[in-house]
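First the structure, in the form of structure tokens, and then the observations on it.
Atoms within a ligand are numbered from 1 in the order they appear, just like the ligands themselves.
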Amino acid sequence: MKTKITELLGIEYPVIQGGMAWVAEWHLVSAVSEAGGMGIIGAGGAPADFVREQIRKVKEATDKPFGVNLMLMNPEADEIARVLVEEGVRVVTTGAGNPAKYMAMWKEADIKVIPVVASVAMAKLMERGGADAVVAEGTESGGHIGSATTMTLVPQVVDAVNIPVIAAGGIADGRGFAAAMMLGAEAVQVGTRFCVAAEAITHDNYKEKIIKAKDIDSEVTGLSHGHPIRQIRNKMSREYLKLEKEGASMEQLEQLTLGSLRKAVVEGDVVNGTVMAGQIAGMIDRVQPCGEIIREIMEQAEALLGR
Ligand code: TUI
């Protein structure tokens with residue numbers, strides 16, 4: 001399927017893998033890219049050296065296009081932004097902030113810049129700043145989220161900008177893909193379904209938590225201090241919400257969640273760790289290789305869209 005995004009990125013299918021912290025390292029990224037989608041390394045809170053190493057490993061594993069997501073709250077964001085140029089990365093997505101200060105450097109290096117946005121205002125700002133496309137991410141997504149739903153955000157962003165829009169949040173199959181196309185998107189970004197991919201190094205306990213999740217097992221913490229995080233309900237989310245209700249300070253809350261995503265993804269502690277996942281987790285019922293995931297999405301979507 002050809003769209004403005006497959007043309008822009010030189011990929012076969014308009015399916016982008018979300019740049020999930022800890023999860024989206026070279027194994028998953030190279031598998032998605034090899035399968036004809038766009039793998040994205042999730043820099044998350046990792047140090048610059050780690051990101052450099054991941055880029056090199058993906059290049060060893062595949063010749064296909066891939067990208068890197070820079071999480072802008074990363075304390076080494078400035079350094080990582082330079083590493084992306086030094087390592088010749090072709091596509092960068094950004095999250096959890098405004099990448100304006102890196103835009104000139106990246107454009108100079110001919111990098112395709114695709115900020116993830118959660119509002120029309122941010123999408124317009126990014127277009128004016130030279131972004132090549134935007135990911136419009138609805139509140140159905142896992143992790144750090146905005147407040148607008150995918151259904152309402154995507155068409156409003158599509159109307160507001162002239163650059164291509166990639167829809168994200170709650171999309172995991174061909175129906176979601178087709179719906180996104182109807183809203184005017186040129187591609188989709190999929191996170192949660194790739195989090196349970198066979199090639200993803202996500203701990204089996206984490207994958208199982210997603211596979212067992214039902215439609216309403218999702219919870220949002222951190223709303224009170226402006227950093228909402230969507231995750232699957234567990235002991236950690238309950239404790240966090242209780243403390244939040246009691247008016248705990250931001251420092252106290254940060255102390256509770258320090259290293260909690262790693263604890264769940266890497267160590268498999270899905271009781272005391274944070275199990276970030278989107279609301280679509282309830283629909284995800286098995287571990288599959290990336291190639292199979294992409295094929296299923298595209299076959300179902302093409303049948304629905306009559307292409
Ligand atoms: O970035 C994400 N999702 C993430 S990042 C992440 S790592 C993390 N771990 C612990 C605590 C906090 C983060 C987990 N999930 N998605 C992209 C995204 N960006 N969603 C919403 C936004 C966003 C929000 C505000 C983008 C720009 C923005 O602008 C604010 C500003 O600076 O004006």
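- Met1 CE: more than 12 foreign heavy atoms inside a 6.0 Å radius.
- Looking from atom 16 (N) of ligand 1 to the surrounding protein, the closest heavy atom is Glu137 OE2, 3.1 Å.
- Here the heavy atom of the protein found nearest to atom 8 (C) of ligand 1 is Met71 CE, 4.1 Å.
- Around atom 10 (C) of ligand 1, the closest heavy atom drawn from His144, Met276, His227 belongs to Met276.
- Across all non-hydrogen atoms, the minimal contact from Arg90 to Ala109 is NH1-O, 3.7 Å.
- A donor atom on one side chain and an acceptor atom on the other are found under 3.5 Å apart for Ser260 and Thr274.
- Judged by distance alone, the side chain of Glu244 and the main-chain N or O of Ser224 form a donor-acceptor pair under 3.5 Å.
- Under a 4.0 Å N-O distance rule, the pair Lys64/Glu12 does not qualify as a salt bridge.
- The shortest distance between side-chain heavy atoms of Lys235 and Asn272 falls below 4.5 Å.
- Considering every non-hydrogen atom in both Pro115 and Thr94, the closest pair reads CA-OG1, 3.3 Å.
- Nearest to atom 27 (C) of ligand 1 by heavy-atom distance, out of Gly97, Gly146, Ser147, Gly259, is Gly97.
- Closest to atom 1 (O) of ligand 1 among all protein heavy atoms lies Ala96 N, 3.5 Å.
- In the vicinity of Gly143, heavy-atom distances shorter than 4.0 Å reach the ligand 1 atoms 14 (C), 15 (N).
- Of the polar atoms of Thr94, none of the N or O atoms is found under 3.5 Å from an N or O of ligand 1, judged by distance alone.
- Of all the listed residues (Arg262, Met20, Met122), Met122 holds the heavy atom that lies closest to atom 33 (O) of ligand 1.
- Counting the atoms of ligand 1 from 1 in the order shown, those under 4.0 Å from a heavy atom of Val116 are 17 (C), 18 (C), 19 (N), 26 (C).
- Less than 4.0 angstrom separates some heavy atom of Met73 from each of these atoms of ligand 1: 12 (C), 13 (C).
- Ligand 1 has at least one atom lying under 4.0 Å from a heavy atom of Ile229.
- A salt bridge links Glu53 with Lys57: the distance from a Lys NZ or Arg NE/NH1/NH2 to an Asp or Glu carboxylate oxygen falls below 4.0 Å.
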